[in-house]
Amino acid sequence: MSEAPGAQRVLEVIDADLGYGDLQVVFGVSLHVHRGELVGLVGGNGSGKSTILRAISGMIRPRGGSILLEGEEVGGLEPHALALRGLAHVPMGRQLFPDMTVEENLSLGAYLPPARERRAEGFARVYELFPDLHTKRREAAGALSGGQQQMVAIGRALMLHPKVLIMDEPSLGLAPLLVREVMQVIRRVADTGMPILLVEQNVTQVLKIADRAYVLENGRLVLDGPTEQLRGDPMIRRAYLGL
Ligand SMILES: Nc1ncnc2c1ncn2[C@@H]1O[C@H](COP(=O)(O)OP(=O)(O)O)[C@@H](O)[C@H]1O
Ligand SMILES: [Mg+2]
């Protein structure tokens, strides 16, 4: 293989400065996701996690730095252009249409022409991963459990046949038992080879399932590394794991 060193990085953020109007909230953040990797981005409320995801998915324009998708600069592209290039975003709060069926919600993820042509393949892939959703495919999405609704949100993103999946706080608002279930679901998706950037306040859970993680405080990265290393880090244990 004669690939360039950076070619294994499906997603890369380099020295990003981000903010809203005059307010800068993210300072010089660099991170990357390798092919086949589940990477966590953790930090407290207001630390800038969603802002980074918004920049990656094209909802805000970076004021400085680069965002690369498979080595190509994509910073400042519109969300639909990024989706066409294979970036799928599972938004905070799932944002399903509760009165539409599971299948109708899933099909919304395949509205772009390349994905539309591969709809049948997309459904097969999602139903193989989440057999419960196949059973409930004709039911209203709003009637499903919280964990199953999160599967629909992830499944809808997978219908795009993305190169990388980014997720904002999938555990938010779920009871502890469901949080563990959703985390196992995310790990299962990653095990199919799908690269994932997972943003979470739930540091304990991310350190259990992710391969690597970055820790954000007040808009700056303070620590990163393999999760097995972070689990033993004194600062992490004190500040995030309550040990
Ligand atoms: N649309 C916005 N306009 C102005 N400030 C914002 C906006 N969204 C978020 N912020 C501010 O940016 C900072 C980081 O927010 P956010 O990225 O949402 O953090 P997190 O996702 O880690 O909780 C916070 O101080 C927040 O108040
Ligand atoms: Mg957030």
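No side-chain donor-acceptor contact under 3.5 Å links R125 to the backbone of G155. In terms of modelled atom types and a separation under 3.5 Å, the side chain of E73 and the main chain of I67 share a donor-acceptor contact. Panel note: side chain Y240, backbone G43; no donor-acceptor pair is recorded below 3.5 Å. Looking only at distances, no side-chain donor or acceptor of E217 sits under 3.5 Å from a matching main-chain atom of G219. Counting only distance, with no hydrogens or angles, the side chain of R61 and the backbone of A55 share no donor-acceptor pair below 3.5 Å. In this structure a side-chain-to-backbone donor-acceptor pair under 3.5 Å is missing from T101 to E139.
The side-chain heavy atoms of S66 and D15, taken from C-beta on, include no pair separated by under 4.5 Å. The shortest distance between side-chain heavy atoms of M235 and V222 falls below 4.5 Å. Taking 4.5 Å as the limit, some side-chain heavy atom of L144 sits within range of a side-chain heavy atom of L133. The closest side-chain heavy-atom distance from L129 to R188 is below 4.5 Å. In this structure, R212 and Q229 have side chains that are not in contact, with every pair of non-hydrogen atoms separated by 4.5 Å or more. With contacts defined as side-chain heavy-atom distances shorter than 4.5 Å, the pair L31/E12 does not qualify. You'll find the side chain of V189 reaches within 4.5 Å of the side chain of F130, heavy atoms only. At least one side-chain heavy atom of I60 sits less than 4.5 Å from a side-chain heavy atom of Y20.
Between the side chains of S171 and E200, a donor-acceptor pair is found at a separation under 3.5 Å.
Considering only residues two or more places apart in sequence or on other chains, R85 meets the salt bridge (Lys or Arg N to Asp or Glu O under 4.0 Å) condition with E72. Remark: E121 pairs with R118, H161 by the side chain to side chain contact (heavy atoms under 4.5 Å, CB included) rule, at least two apart or across chains. For A141, the side chain to side chain contact (heavy atoms under 4.5 Å, CB included) test picks out L96, N105, with sequence neighbours left out. Under the salt bridge (Lys or Arg N to Asp or Glu O under 4.0 Å) criterion, R137 pairs with no residue at all, not counting sequence neighbours. Looking at residues two or more places apart in sequence or on another chain, you find no side chain to side chain contact (heavy atoms under 4.5 Å, CB included) involving T135. Taking D211 as the reference, R187 meet the salt bridge (Lys or Arg N to Asp or Glu O under 4.0 Å) condition, with sequence neighbours excluded. In this structure, the side chain to side chain contact (heavy atoms under 4.5 Å, CB included) partners of E181, at least two apart in sequence or on a different chain, are M151, L178. Not counting sequence neighbours, E228 has no partner by the side chain to side chain donor-acceptor pair (under 3.5 Å) test. Take E103 and apply the side chain to side chain donor-acceptor pair (under 3.5 Å) test, not counting sequence neighbours, and it matches Y127, R138.
More than 12 heavy atoms of other residues, nucleotides or ligands lie within 6.0 Å of CD in Q95, so this atom counts as buried by the packing criterion. Few gaps surround CZ on R116; more than 12 heavy atoms of other groups in view lie less than 6.0 Å from it. Heavy-atom neighbours of N218 CG from other residues, nucleotides or ligands within 6.0 Å: at or below the threshold of 12.
For the pair G36 and P195, the tightest heavy-atom approach, listed with the atom from each and the gap, is N-CG, 3.8 Å. A115 approaches G109 most closely through the heavy-atom pair CB-O, 4.5 Å. Scanning all heavy atoms of the two residues, the minimum distance from A88 to A157 falls at CB-O, 3.7 Å. The nearest pair of heavy atoms linking P170 to I186 is CG-CD1, 3.6 Å.
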query = Between L77 and L69, does a side chain to side chain contact (heavy atoms under 4.5 Å, CB included) hold up when you go through it step by step?
reply = CA-CA 11 Å; L77 290 185; L69 192 58; over 6 Å; no

request  = Please report the C-alpha distance between V33 and R9 in whole Å, then the side-chain angles of each, then the deciding distance to 0.1 Å, and finally whether the side chain to side chain contact (heavy atoms under 4.5 Å, CB included) criterion is met.
outcome  = CA-CA 6 Å; V33 179; R9 298 182 174 187; over 6 Å; no

query = What do the steps show when you test V215 against L221 for side chain to side chain contact (heavy atoms under 4.5 Å, CB included), and what is the final call?
reply = CA-CA 6 Å; V215 182; L221 289 178; over 6 Å; no

inquiry  = Applying side chain to side chain contact (heavy atoms under 4.5 Å, CB included) to V29 and R220, what does each step give before you reach the verdict?
reply    = CA-CA 6 Å; V29 162; R220 290 181 166 86; 5.8 Å; no

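In the hydrophobic cluster analysis, where Ile, Leu, Val, Met, Phe, Trp and Tyr join through side-chain heavy atoms closer than 4.5 angstrom, L198 is grouped together with L174. In the hydrophobic cluster analysis, where Ile, Leu, Val, Met, Phe, Trp and Tyr join through side-chain heavy atoms closer than 4.5 angstrom, F27 is grouped apart from L18. L223 and I209 fall within the same hydrophobic cluster, where Ile, Leu, Val, Met, Phe, Trp and Tyr residues are linked whenever their side-chain heavy atoms come under 4.5 Å apart, directly or through other members. Connection of V74 to I166 is established within a shared hydrophobic cluster, with ILVMFWY side chains joined at heavy-atom distances below 4.5 Å, either directly or through further cluster members. Clustering ILVMFWY residues whenever any of their side-chain heavy atoms sit less than 4.5 angstrom apart, transitively, puts V185 in the very cluster that holds M159.
Judged as a ring pair (Phe, Tyr, Trp, His ring centres under 6.0 Å), not a single pair has a partner in residues 63-105 (not counting sequence neighbours). Judged as a side-chain hydrogen bond (donor to acceptor under 3.5 Å, both in side chains), not a single pair has a partner in residues 40-49 (not counting sequence neighbours).
In this structure, L68 shares a hydrophobic cluster with I14, the cluster being traced through Ile, Leu, Val, Met, Phe, Trp and Tyr side chains under 4.5 angstrom apart.
For the side-chain contact (heavy atoms from CB on, under 4.5 Å) test with V42, the passing option among V203, L207, T204 is V203; the others fail.
A salt bridge links E70 to R35: at least one charged side-chain nitrogen sits closer than 4.0 Å to a carboxylate oxygen.
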